[in-house]
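Both counts, for ligands and for their atoms, begin at 1 and track the order of listing.
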Amino acid sequence: MLHTVICDLLGIKYPIIQGGMAHVATSELASAVSNAGGFGLIGSGNAPPEWVRAEIRKMRNLTDKPFGVNILLISPYAKDVIKVVLEEKVKAVTTGAGNPGAYIPTFKVAGIKVIPVVASVALAQRLERIGVDALIAEGMESGGEVAETTTMAIVPQVVDAVKLPVIAAGGIADGRGLVAALSLGAKGIQMGTRFVCSTECIAHPAYKKKIIQARDRSTVVTGRSVGYPLRCIENKLSRRFLEMEKAGASKREFDVLGWGWVWAGLIDGDIEEGSLIAGQIAGMIKDIKPVKELIEGIISQAEAIIASLNHKGSSLGMNPRDES
Ligand SMILES: Cc1cc2nc3c(=O)[nH]c(=O)nc-3n(C[C@H](O)[C@H](O)[C@H](O)COP(=O)(O)O)c2cc1C
């Protein structure tokens, strides 16, 4: 029932894509997602190209299913990682934090599917003209780098503006979110925060616990004033960042603080002085589950919702007579 064009494009069973998250989307998580019928992605983040090549090769031992690599365009290694991805001939790349326009022809020649993350209609249309294969429309609820528009608002606008299949991201963590995304015209979903709280994700247990303890308003966006807005769970570090911004800190001061803090939060589990990247949906996540259980639970919940919506006068709470 939930087979979409995204399943055909990527050769997967379910239209569920795992966000290519820096540091935590390693071959452990990505292979579990691909083996469970979704699309697993290695998050190259700011890792050097040798690490990315080793992870791709590990993936090939862990799964015979399709998988991809996320390229963070602001990484100092982005160009070298692209070279590795081309040499290793991965199935697809997603790109984050920027406009991948210049690299698209090279990927196309190599037969690699390109699926950029967009947060605006203008960028979506520009990338469609250059020739990408699909788009991930991401709302500001998401974990990681965020823009200004919500998922509910950006997804249908991108869907209306392009012919390409659109994947919805930001604030999705269960079957209700999947059905909502499909209702908005998306052909699949990408989830990040939910997959952090999976058994297979190598993220530090203390960071996972912070996601589980999070409530609806536990996240904040730091770095907006310096052009690198990052959504994370509020802690000592994020409060300090926000104070620095108020005091007019420059981009360079933030760069100095930079990436080490992300590693400290996600991998070392420093819950006060590390950056705890997570989306607003953290407030709804209450457990750590194996990826297979998680994906199958989302699919069966989505199918049950669709079936109930099809049933006249069902859970919509309508009087059956109103529908006739
Ligand atoms: C810990 C973490 C790290 C992330 N790192 C990246 C990244 O390196 N590149 C990228 O394109 N997106 C990154 N994202 C965004 C995810 O790929 C995904 O689009 C997003 O998490 C979806 O929103 P959600 O968190 O509400 O599910 C990251 C998200 C999280 C939670």
Side-chain angles (χ1 to χ4, degrees), residues 16-26 29-30 33 38-47 51-52 55 68-75 77-78 81 92-100 114-119 135-147 149-152 154-155 166-174 176-178 180-181 186 188-198 201-204 207-208 210-211 214 216 218-219 221 228-233 259 261-267 269 274-285 294 298:
I16 298 180
I17 289 132
Q18 162 245 310
M21 301 172 282
H23 302 319
V24 295
T26 60
L29 174 60
V33 172
F39 194 71
L41 283 154
I42 296 164
S44 63
N46 66 340
W51 181 87
V52 180
E55 284 298 294
V69 172
N70 173 265
I71 299 162
L72 195 64
L73 295 164
I74 51 167
S75 161
Y77 298 112
V81 168
V93 296
T94 62
T95 58
N99 179 350
V114 189
I115 311 180
V117 175
V118 298
L135 291 160
I136 301 168
E138 185 171 74
M140 52 82 84
E141 301 89 321
S142 76
E145 211 205 332
V146 293
T149 316
T150 61
T151 303
M152 189 79 159
I154 194 67
V155 171
V166 174
I167 296 154
I172 302 170
D174 66 5
R176 293 175 295 183
L178 171 55
I189 55 169
Q190 169 162 291
M191 302 190 299
T193 309
R194 175 64 266 197
F195 279 123
V196 172
C197 286
S198 66
C201 181
I202 61 140
H204 196 282
Y207 159 52
K208 292 186 186 182
K210 285 296 283 185
I211 295 178
D216 53 343
S218 295
T219 68
V221 176
Y228 191 58
L230 198 71
R231 185 177 294 285
C232 45
I233 294 174
W259 276 93
W261 302 101
V262 178
W263 181 270
L266 274 49
I267 303 298
S275 185
L276 306 176
I277 301 178
Q280 289 180 334
I281 204 66
M284 198 184 77
I285 297 167
L294 213 157
I298 290 173

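- With S44 contributing its side chain and N70 its backbone, the two residues share a donor-acceptor pair below 3.5 Å.
- In this structure, M284 places its CE atom where more than 12 heavy-atom neighbours from other residues, nucleotides or ligands lie under 6.0 Å away.
- The shortest N/O to N/O separation between Q190 and ligand 1 falls below 3.5 Å.
- The two residues A181 and A168 have their closest heavy-atom pair at CB-CB, 3.7 Å.
- Closest approach of S198 to L29, counting heavy atoms only: OG-CD1, 3.4 Å.
- By the 4.0 Å heavy-atom criterion, M191 is counted among the residues contacting ligand 1.
- Put simply, the side chain of E138 never gets that close to the backbone of A119: no donor and acceptor are under 3.5 Å apart.
- Listed by number with element, the atoms of ligand 1 under 4.0 angstrom from any heavy atom of L72 are 7 (C), 8 (O), 9 (N).
- Residue Y207 touches ligand 1 through its side chain alone, judged by heavy-atom distances below 4.0 Å.
- Checked by distance only, ligand 1 and G192 come closer than 3.5 Å through their nitrogen or oxygen atoms.
- Contact annotation: the side chain of M140 approaches that of R231 to within less than 4.5 Å [non-hydrogen atoms, C-beta and beyond].
- Side-chain atoms of K208 never come within 3.5 Å of backbone atoms of I202 as a donor-acceptor pair (strictly under, hydrogens ignored).
- Of all atoms in ligand 1, numbered sequentially from 1 with element shown, those under 4.0 Å from a heavy atom of L266 are 1 (C).
- A donor-acceptor pair under 3.5 Å links the side-chain atoms of T151 to the main chain of A169, judged by distance alone.
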Subject >> Test side chain to side chain contact (heavy atoms under 4.5 Å, CB included) applied to I17 and F195, step by step >> reply: CA-CA 10 Å; I17 289 132; F195 279 123; over 6 Å; no
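- Of the heavy atoms in I136, none comes closer than 4.0 Å to ligand 1.
- In terms of N/O distances under 3.5 Å, ligand 1 is approached by N70.
- The G96 neighbourhood of ligand 1 comprises atoms 11 (O), with distances under 4.0 Å to a heavy atom of that residue.
- Residue contacts with ligand 1 for Q280 are absent, since no atom lies close enough (heavy atoms, distance under 4.0 Å).
- Proximity of T193 to ligand 1, defined as any heavy-atom pair under 4.0 Å, is shared by backbone and side chain alike.
- Of the N or O atoms in A278, none lie within a sub-3.5 Å distance of an N or O in ligand 1.
- Among G143, A203, A47, the residue whose heavy atom lies nearest to atom 15 (C) of ligand 1 is G143.
- Look at G170 and you'll find a heavy atom under 4.0 Å from some atom of ligand 1.
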